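Some notes on the structure that comes next.
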Amino acid sequence: MSSLQALCSGLPLRPLPKNRGRQAGVPHAPVRTPGLSPAEKQLALRNALRYFPQDVQNMLAPEFAQELQLYGHIYMYRFCPDIEMRAYPVEQYPCRTKAAAAIMHMIMNNLDPAVAQFPQELVTYGGNGQVFSNWAQFWLTMFYLSKMTEEQTLVMYSGHPLGLFPSSRSAPRLIITNGMVIPNYSSRTEYEKLFALGVTMYGQMTAGSYCYIGPQGIVHGTVLTMLNAARRYLGIEDLAGKVFVTSGLGGMSGAQAKAAVIVGCIGVIAEVDKAALEKRHKQGWLMEVTDSLDQCIKRLREARKKKKVLSLGYHGNVVALWERLVHELDTTGECLVDLGSDQTSCHNPFNGGYYPVQLSFTEAQSLMASNPAVFKDLVQESLRRQVSAINRLAEKNFFFWDYGNAFLLEAQRAGADVEKKGACRMEFRYPSYVQHIMGDIFSQGFGPFRWVCTSGDPQDLAVTDELATSVLEEAIADGVKASVKLQYMDNIRWIREAARHRLVVGSQARILYSDQKGRVAIAVAINQAIAGGRIKAPVVLSRDHHDVSGTDSPFRETSNIYDGSAFCADMAVQNFVGDACRGATWVALHNGGGVGWGEVINGGFGLVLDGTPAAEQRARLMLSWDVSNGVARRCWSGNRKAYEIICQTMQENSGLVVTLPHDVGDEQVLQQALQL
């Protein structure tokens, strides 16, 4: 068993660690099919071997070649560390700086088997969200972090640690880019080849930026989405007896069952992977499981009649579940579902992100590797069947939304009936959850703010929960707009429910949706508590990239921006640069995330609070920019709520001066001008 000291000593070469291969009993990533030519295979092998001196290359070359042949990628299983992979208390890491130790804490959390979807393939969530491309990169990164000083910056190129470079104390300690491929070559086919070559990587969002906090993050987002969906679609605050049907219990989608319980409804979640379903059941996130559609419908009816809270996992394909619900409607006249969505990894539909209803789980895994073209045809047929069933149910009082996983986008590409007449190309028959539910929340500056207590002590997390609750309650007492008060109240409820439902998986972390004022106030309160000794170790501030300013994604985060700029990525890139300039400890910029490779540019940050006045100043500057950038962009695109927020912020901060849009004349004026 390795120690943290050994883990930070560089690649283990003399002797080489024993090649234990793929570990049995843990989930593994699907086999990739990059379609490399013989010359490209040789290049992939050469790129992997360059991490190692020549005296060990003869031993490593055959096994790396075998990995490429069997799995479509060189993960370097031999170098998967023989250590309990988890977020250790920050003081245990052998580092010269607190920032480096905090980054190590976050990296190891992303690879914790209790957190990561495919830990041996270095995938945190989403089916292909990599932390690193191979295990050599992990060892080298840990080594560099252990040696890094306050006047150096570690540079990461798509998982590859380029090295430590001289910088200043005010500069970020770590700068990450993932998947920055030239736009004309940023296709899925090219990606598969480039990843197999080991030269680029899909970091999803918080996988490759080292800021994932387990499924708690998406639990919170799902809770808020469901609460606001009930308000918008059903006109209710109480979800008792209402049925929510969806799919996915893997990395992020595993949160849906717990969210259903927290909001008090009946959640029925389909999952084809028995291991993922059993994992959520053992965690207590699923109350019941069944592989019988008859039993599924029976329990749904019973819970609905008695208005009992239930999270029910159906081991089977979600298409079969949707079609059974249509059968119940057609034979009994009763629509058994009120709200629905989908959280399969449809951003990666042909490589394990979506399993067709025509095949069993194992049959699908085999076919996607042996005959990708036939597998793709079956996936697209399955998508058409799924949409057909959803369309039939939507004729009744049932509401469906796209959860930003590219479900409707891929369904459209498959030829499913999802078109919306007269709509722009970002709109479909059903809205994305940003367009109808969360978009206005982003426009007010609210988004998924989070923090991690690097001591690993639950008591520190309890203190931060108390501080955050107090900050929000004081803001309400001081007087805020009704729409802002509603969000604050939802988040106070969330903090209390999160502690009661034991949502921590991995690091001692918390998430809540907050606006600029709330984020800054919470950060200051936490920093002061560290200075006063109430919190024992530094706290890392972060957020999901899926936030107010962090992501340009025309089919998700920016799908409610209608001035034509939804397909432009200036906001996310400016956010990455602006955070780096204003005090972030590390920053990341990614291609892909959420709806898939080539569809998104997104970025994130980590900011270490250590109780010093300098940390407070960095938090004030960086967090203010990190929110106001996106609000200003939404204001300029014509969003009235964003306009009001940015005007209020300018009144409170003389240093902020934003160009405000003027109202444009009516349609008749525009039409007459165009006729000229």
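All values derive from a computational prediction rather than experimental measurement.
Note that CG of Leu174 and CG of Leu164 are 10.0 Å apart. Values are rounded to the nearest 0.5 Å. For the atom pair CG (Asp544) and CE (Met205), the distance works out to 6.5 Å, reported to the nearest 0.5 Å. To the nearest 0.5 Å, atom CZ of residue Arg634 and atom CG of residue Asp563 are 11.0 Å apart.
In this structure, Arg188 is not positioned above the aromatic face of Tyr191 in the sense of NZ or CZ being under 6.0 Å from the six-membered ring centre and within 45° of the axis. A cation-pi geometry, defined here as NZ or CZ lying under 6.0 Å from the six-membered ring centre and within 45° of its normal, does not hold between Lys420 and Phe428.
Using modelled atom types, one side-chain atom of Arg173 and one backbone atom of Glu150 make a donor-acceptor pair closer than 3.5 Å. Between the side chain of Gln386 and the backbone N or O of Leu383, no donor-acceptor pair lies under 3.5 Å. A donor-acceptor pair under 3.5 Å is absent between the side-chain atoms of Ser542 and the main chain of Gly606, judged by distance alone. Under the 3.5 Å distance criterion, the side-chain polar atoms of Asp112 are left unmatched by any main-chain donor or acceptor of Ile107. For Asn602 (side chain) and His545 (main-chain N/O), no donor-acceptor pair under 3.5 Å exists by modelled atom type. Counting only distance, with no hydrogens or angles, the side chain of Asn591 and the backbone of Gly598 share a donor-acceptor pair below 3.5 Å. Looking at Asp402, its side chain does come within 3.5 Å of a backbone N or O of Leu408 through a donor-acceptor pair. Between the side chain of Ser549 and the backbone N or O of Asp626, at least one donor-acceptor pair lies under 3.5 Å. At distances below 3.5 Å, at least one donor-acceptor pair connects side-chain atoms of Asn110 with backbone N or O atoms of Ala207.
Of the residues His590, His73, His347, the one that meets the ring-ring contact (aromatic ring centres under 6.0 Å, His included) test with Tyr202 is His347. In summary, of the residues considered (Gln130, His160, Met142, Met156), a side chain to side chain contact (heavy atoms under 4.5 Å, CB included) with Gln137 occurs for His160 alone.
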Do Thr246 and Tyr403 pass the side-chain hydrogen bond (donor to acceptor under 3.5 Å, both in side chains) test, and can you show the C-alpha distance, the side-chain angles, and the key distance before you say yes or no? CA-CA 10 Å; Thr246 184; Tyr403 221 125; over 6 Å; no
Evaluate Tyr488 against Asp515 for side-chain hydrogen bond (donor to acceptor under 3.5 Å, both in side chains), listing each step before the verdict. CA-CA 9 Å; Tyr488 281 165; Asp515 58 358; 2.8 Å; yes
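Residues Tyr157 and Val199 have side chains not in contact (no heavy-atom distance under 4.5 Å, counting atoms from C-beta outward).
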When the side chains of residues 580-589 are checked against the rest of the protein, which donor-acceptor pairs come out under 3.5 Å, sequence neighbours left out?
| unit_1 | atom_1 | unit_2 | atom_2 | d |
| --- | --- | --- | --- | --- |
| Arg582 | NH1 | Gly578 | O | 3.2 |
| Thr585 | OG1 | Val608 | N | 2.9 |
| Trp586 | NE1 | Ser209 | O | 3.0 |

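The closest side-chain donor-acceptor pair between Tyr562 and Ser637, if any, does not fall under 3.5 angstrom. Side chain to side chain, Thr551 and Ser553 fail the donor-acceptor criterion of an N or O pair below 3.5 Å.
Salt-bridge formation is detected for the pair Arg32/Glu192: a Lys NZ or Arg NE/NH1/NH2 atom is positioned less than 4.0 Å from an Asp or Glu carboxylate oxygen. Ionic pairing of Arg556 and Glu599 is not present here: no N-O contact between side-chain nitrogen and carboxylate oxygen is shorter than 4.0 angstrom.
Applying the 6.0 Å contact sphere to CD of Glu667 captures no more than 12 heavy atoms from other residues, nucleotides or ligands. Counting heavy atoms of neighbouring residues, nucleotides and ligands inside a 6.0 Å radius, atom CZ of Phe165 exceeds 12 of them. Annotation for Tyr233: atom OH counts as buried by contact number, over 12 foreign heavy atoms lying within 6.0 Å.
The six-membered or imidazole ring of Tyr513 lies away from that of Phe446, with a centre-to-centre distance of 6.0 Å or more.
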